[in-house]
*Asks:* 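My questions will all concern the structure given below.
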There are 2 protein chains.
Amino acid sequence: MNRSRTDDLLEIVNQKRKIEVTKLAEILKVSRVTVRKDLNALEEKGLLQRQHGYAIINNPDDLSYRLAQNYQVKLEIAKKAAELVKDQSIIMIESGSTCALLAQQLGKQGKKVTIITISYFIANYVAAYENLNVIVLGGAYQPSSQVVVGPLVRQTLQEFRVQQLFIGTDGFDLQMGFFGNDIMRTETVQSMAEKASELIILTDSSKFQKMGSIRQFTLAEVNQIYTDKEVPPAIKTGLESNNIQLHLV
Amino acid sequence: MNRSRTDDLLEIVNQKRKIEVTKLAEILKVSRVTVRKDLNALEEKGLLQRQHGYAIINNPDDLSYRLAQNYQVKLEIAKKAAELVKDQSIIMIESGSTCALLAQQLGKQGKKVTIITISYFIANYVAAYENLNVIVLGGAYQPSSQVVVGPLVRQTLQEFRVQQLFIGTDGFDLQMGFFGNDIMRTETVQSMAEKASELIILTDSSKFQKMGSIRQFTLAEVNQIYTDKEVPPAIKTGLESNNIQLHLV
DNA sequence: CATAATTAATTTCATATGAAACTAGATTTT
DNA sequence: AAAATCTAGTTTCATATGAAATTAATTATG
């Protein structure tokens, strides 16, 4: 977790949206060649894009963009949550960026897992891992989020019943619980939850400070939460008093 | 139609797999700046990739690669076939590269069409067109072809019934009919055909000279074919004597 | 028909790029 | 502890790149 130069790099690029390689080299006090190498590695991971002379962030309504925000924290959360998934199991994963990293971790760890998801981003993200088997549910395609939603998803879900469902969230309120920002997607995740015994939320702690527009789940519906240590203490106790198992990385 | 420099460019790159921009400029007898502009346009269309100093073809087991083969012919076929699709209709499209171009044409023409498909490639390919509504069926995800296949697809299909199904093909034999090269995909397309009144094949004529390994459809099952003028006359009469409507571009 | 306005390609130029050789520090081997 | 290997970063260099200005060719317009 010790902050690497690459982390700084990503943060600067995210903040500036577009910045010259030369300027980055000045700020970080390394040669341009080194910056270029770092940038190429980050581009490889899909965390930013290159242009002749520049580094630019991904399109903000792209999933890769969200992936680049708090990347290290999300990665740690995903690693921790991956421990929960047994070899040879079948799990459901929703569409969040941390969920994508969870899937990737499972792939890297070589566990044989079947992932049922609504996200084509995730399906592609882990395409390289032979040990993962991905089933994508059917439905209306939302290109911006690369997710399928709507009544057809519910119908496709009929056939399934799993132990664990991993989801992300967009906002939180101690009284009302967790929130989403897209009606279709929120509704779809709720349908998924009906088919899973255990609901596990993966989210960086920033979401606990945000509101959302559509209620996703009440606290009573959530079983476990994986997040980072920055959760406000009041929220922490609130969650725990609702019998939610809290894992902090 | 009249052969443009861009067509030559694409053909050379496809043939050489990887070639220097400088060399391309020499061959085509234009400046390097011009070649670069052309290459950038082709990259934009997904027909090739750029590297510092080079143009390289797409990964051959990628759908974008197939798209780049006989691109102009496929485009003409797609344009012609698009005339068949009525505004406000619901159609099924399989996963071939010409099918992707058909979807794109419908998008460009501004027709309000709902496309039911098994191809995530197509779903993304036409993401920009607001007039198109894409429903992707659910199933096991094949990352190489970016398609869903298997029993779940069949189950998802239960809900649908459409007039037209557009498909591509991998091979042909006058006695046996059309062939595919992937069992899962071929089987899945057959399931789709059960839900459509009319089966329309879009393919460049080269496929008529190829064999395939799994029978896809008999001639009796096919209603219309859109292809180019290079179909061998014997095959042409053979098709027509089977009551198949043949459209040549 | 002439002139203006687009469009297509070229030349020029300052800067970015990847490759390779090099250097200093850290880590492993003996 | 000395030598060998590995790693991260730098310097150097020949070439590629995008931007802008220029020229040539085509199409529109009065």
Side-chain angles (χ1 to χ4, degrees), chain A residues 1-60 62 64-65 68 71-72 75-76 79 108, chain B residues 1-60 62 64-65 68 71-72 75-76 79 108:
Chain A
M1 259 61 1
N2 37 67
R3 212 169 163 65
S4 72
R5 185 183 57 226
T6 334
D7 298 339
D8 294 339
L9 202 45
L10 190 56
E11 194 176 308
I12 297 170
V13 176
N14 267 318
Q15 199 209 314
K16 298 272 182 177
R17 313 183 77 84
K18 178 171 181 178
I19 184 169
E20 291 91 339
V21 173
T22 310
K23 205 158 276 176
L24 285 169
E26 277 172 30
I27 296 173
L28 298 171
K29 302 201 198 323
V30 288
S31 76
R32 302 204 312 249
V33 177
T34 304
V35 172
R36 280 205 303 264
K37 279 180 185 166
D38 287 353
L39 289 177
N40 289 349
L42 288 169
E43 189 184 28
E44 191 71 21
K45 284 187 192 163
L47 298 176
L48 52 74
Q49 291 181 287
R50 286 300 315 278
Q51 257 184 19
H52 205 76
Y54 299 89
I56 43 179
I57 57 172
N58 289 305
N59 187 334
D62 224 54
S64 335
Y65 171 81
Y71 180 73
Q72 281 303 327
L75 192 57
E76 292 307 314
K79 277 182 186 166
K108 281 193 177 165
Chain B
M1 291 268 71
N2 38 64
R3 212 168 164 65
S4 71
R5 186 184 57 226
T6 333
D7 298 340
D8 295 338
L9 202 45
L10 190 56
E11 195 176 306
I12 298 170
V13 176
N14 267 317
Q15 199 208 315
K16 298 272 182 178
R17 313 183 76 84
K18 179 172 180 177
I19 185 168
E20 292 91 338
V21 174
T22 310
K23 204 158 275 176
L24 285 168
E26 276 173 32
I27 297 172
L28 298 171
K29 302 200 199 321
V30 288
S31 76
R32 303 207 309 253
V33 177
T34 305
V35 172
R36 280 204 305 263
K37 278 181 185 166
D38 286 355
L39 289 177
N40 289 348
L42 288 170
E43 189 184 28
E44 190 71 22
K45 284 187 192 164
L47 298 175
L48 51 74
Q49 290 182 286
R50 285 300 315 279
Q51 256 184 21
H52 204 77
Y54 298 89
I56 43 179
I57 58 173
N58 288 305
N59 186 334
D62 224 54
S64 335
Y65 171 82
Y71 180 74
Q72 281 302 326
L75 192 58
E76 291 306 315
K79 277 182 187 168
K108 280 193 179 166

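Below, chains carry the letters A, B, ... as their sequence lines are ordered, and counting in each starts from 1.
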*Asks:* For B:Glu43, check side chain to side chain contact (heavy atoms under 4.5 Å, CB included) against everything at least two apart and list the hits.
*Replies:*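 Testing B:Glu43 for side chain to side chain contact (heavy atoms under 4.5 Å, CB included), a comparison that skips the adjacent residues, returns B:Asn40, B:Leu48, B:Arg50.
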*Asks:* Which residues within residues 12-26 of chain A lie with some heavy atom under 4.0 Å of an atom in DNA chain D?
*Replies:*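 Per residue number, the list is empty: none.
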*Asks:* What is the minimum heavy-atom distance between A:Gly46 and A:Ser64, and which atoms define it?
*Replies:*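 Minimum heavy-atom contact is O-CB, 3.5 Å.
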*Asks:* Could you run down the sub-3.5 Å N/O contacts of the protein with nucleotides 25-27 of chain C?
*Replies:*
none

*Asks:* Please list, chain by chain and in numerical order, all residues satisfying salt bridge (charged side-chain N to carboxylate O under 4.0 Å, His left out) with A:Asp8, sequence neighbours excluded.
*Replies:*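 Per chain and number, A:Asp8 pairs via salt bridge (charged side-chain N to carboxylate O under 4.0 Å, His left out) with A:Arg3.
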*Asks:* Show the nearest heavy-atom pair for residues B:Leu39 and B:Ala55, with the distance to one decimal.
*Replies:*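 Looks like CD2-CB, 3.8 Å.
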*Asks:* With a 4.0 Å heavy-atom cut-off, tell me which residues in residues 32-43 of chain A come close to DNA chain D, sorted by residue number.
*Replies:*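 When residues 32-43 of chain A is checked for heavy atoms under 4.0 Å from DNA chain D, the hits, listed by number, are A:Val33, A:Thr34, A:Lys37.
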*Asks:* Tell me which donor-acceptor pairs under 3.5 Å the side chains of residues 12-28 of chain A have, and how far apart each pair is, sequence neighbours excluded?
*Replies:*
from: A:Asn14; atom 1: ND2; to: A:Leu10; atom 2: O; distance (Å): 3.3
from: A:Asn14; atom 1: ND2; to: A:Ala68; atom 2: O; distance (Å): 3.3

*Asks:* Compare every heavy atom of A:Asn58 with every heavy atom of A:Tyr65, then report the nearest pair and how far apart it is.
*Replies:*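 Distance-wise, the nearest heavy atoms are CD1-O, 3.5 Å.
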*Asks:* Residues from residues 44-59 of chain A sitting under 4.0 Å of DNA chain D, heavy atoms only?
*Replies:*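 DNA chain D contact set from residues 44-59 of chain A: A:His52.
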*Asks:* Could you give the distance from CG (B:Asp7) to CG (B:Leu42), rounded to the nearest 0.5 Å?
*Replies:*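 Between B:Asp7 CG and B:Leu42 CG, I get 8.5 Å after rounding to 0.5 Å.
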*Asks:* According to side-chain hydrogen bond (donor to acceptor under 3.5 Å, both in side chains), who are the partners of B:Asp38, at least two apart in sequence or on a separate chain?
*Replies:*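 B:Asp38 satisfies side-chain hydrogen bond (donor to acceptor under 3.5 Å, both in side chains) with B:Arg5 once adjacent residues are dropped.
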*Asks:* Distance under 4.0 Å to a non-hydrogen atom of chain B counts as contact; along DNA chain D, which nucleotides mark the start and end?
*Replies:*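 Listing 5' to 3', DNA chain D meets chain B from D:dA16 to D:dG18.
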